[in-house]
Amino acid sequence: VQLQASGGGLVQAGESLKLSCAASGSKFRVDDMGWYRQAPGMQRDLVATITSGGSTNYADSVRGRFTISRDNARNTVYLQMNSLKPEDTAVYYCNADWVHYGDVITAARGWGQGTLVTVSS
């Protein structure tokens, strides 16, 4: 299973961006999905998560401004980011837990390649 993220870019403070991350492969089921971010010189931190049933969790720093959603039919998770601030500047990574139904049923967690979001003041 591979995760492909897209949607990053350069915006001004107060503007919006929407990130997407699609899981692809064969014979798999995606469970929890989420977004994390890593600013230069900092650790990777949780932004938001969403279960397969749609329950969400947000970091305090983004609650009320960001919305995570998913399309289970497309195995895709989205992050709508509104009222962006310069401190939101980071590389954003998507994350997913999945089950692969191969010759052996395996469960794994993986990461997308990251997409850069830059917010200018």
Side-chain angles (χ1 to χ4, degrees):
V1 178
Q2 293 186 328
L3 298 175
Q4 181 69 42
S6 61
L10 172 64
V11 297
Q12 293 187 331
E15 295 185 338
S16 299
L17 271 179
K18 186 173 184 177
L19 307 182
S20 300
C21 178
S24 62
S26 62
K27 299 180 181 179
F28 71 99
R29 183 193 77 231
V30 179
D31 293 329
D32 294 354
M33 304 184 83
W35 289 95
Y36 291 70
R37 66 186 181 186
Q38 187 169 18
M42 304 294 285
Q43 66 181 19
R44 190 173 297 185
D45 291 327
L46 169 75
V47 175
T49 62
I50 185 168
T51 68
S52 58
S55 296
T56 58
N57 180 53
Y58 294 93
D60 289 343
S61 59
V62 306
R63 188 174 290 111
R65 299 187 297 122
F66 291 10
T67 301
I68 189 170
S69 61
R70 64 189 287 170
D71 182 338
N72 289 333
R74 298 177 184 273
N75 291 314
T76 299
V77 63
Y78 305 97
L79 186 68
Q80 177 66 48
M81 304 184 293
N82 298 329
S83 302
L84 282 160
K85 304 175 181 179
E87 51 262 45
D88 294 318
T89 295
V91 177
Y92 284 70
Y93 296 91
C94 61
N95 166 279
D97 295 330
W98 64 74
V99 176
H100 180 240
Y101 298 95
D103 292 337
V104 177
I105 298 174
T106 57
R109 168 171 290 185
W111 295 89
Q113 83 283 11
T115 185
L116 177 62
V117 173
T118 304
V119 185
S120 63
S121 57

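Positions are given from 1 along the sequence. Since we're looking at a predicted model, the values are computed, not measured.
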Please answer: with hydrophobic residues joined when any side-chain heavy atoms are less than 4.5 Å apart, are [X] and [Y] in the same cluster?
{"X": "Leu79", "Y": "Ile50", "answer": "yes"}
{"X": "Leu116", "Y": "Tyr36", "answer": "yes"}
{"X": "Val119", "Y": "Val91", "answer": "no"}

Salt bridge (Lys or Arg N to Asp or Glu O under 4.0 Å) partners for Asp45, two or more places apart: none
Considering only heavy atoms from C-beta outward, does the side chain of Trp35 approach that of Met81 to under 4.5 Å? no
Less than 4.5 Å apart, any side-chain heavy atom of Tyr92 and any of Cys21? no
Could you pull out the closest heavy-atom pair between [X] and [Y], with the gap in Å?
{"X": "Tyr58", "Y": "Ile68", "answer": "OH-N, 2.9 Å"}
{"X": "Gly112", "Y": "Tyr93", "answer": "O-CD2, 3.7 Å"}
{"X": "Ser121", "Y": "Ala13", "answer": "CA-CB, 4.4 Å"}
{"X": "Met33", "Y": "Asn75", "answer": "CE-O, 4.0 Å"}
{"X": "Leu19", "Y": "Gly8", "answer": "CD2-N, 3.6 Å"}
{"X": "Leu3", "Y": "Ala23", "answer": "CD2-CB, 3.5 Å"}

For residues 5-18, pull every pair meeting side-chain hydrogen bond (donor to acceptor under 3.5 Å, both in side chains), keeping only residues two or more places apart or in separate chains. Ser16-Asn82
I'd like to know if Asp88 pairs up with Lys85 as an ion pair, taking the criterion as any Lys NZ or Arg NE/NH1/NH2 lying under 4.0 Å from an Asp or Glu carboxylate oxygen. no
Who passes side chain to side chain donor-acceptor pair (under 3.5 Å) against Asp103, sequence neighbours left out? none
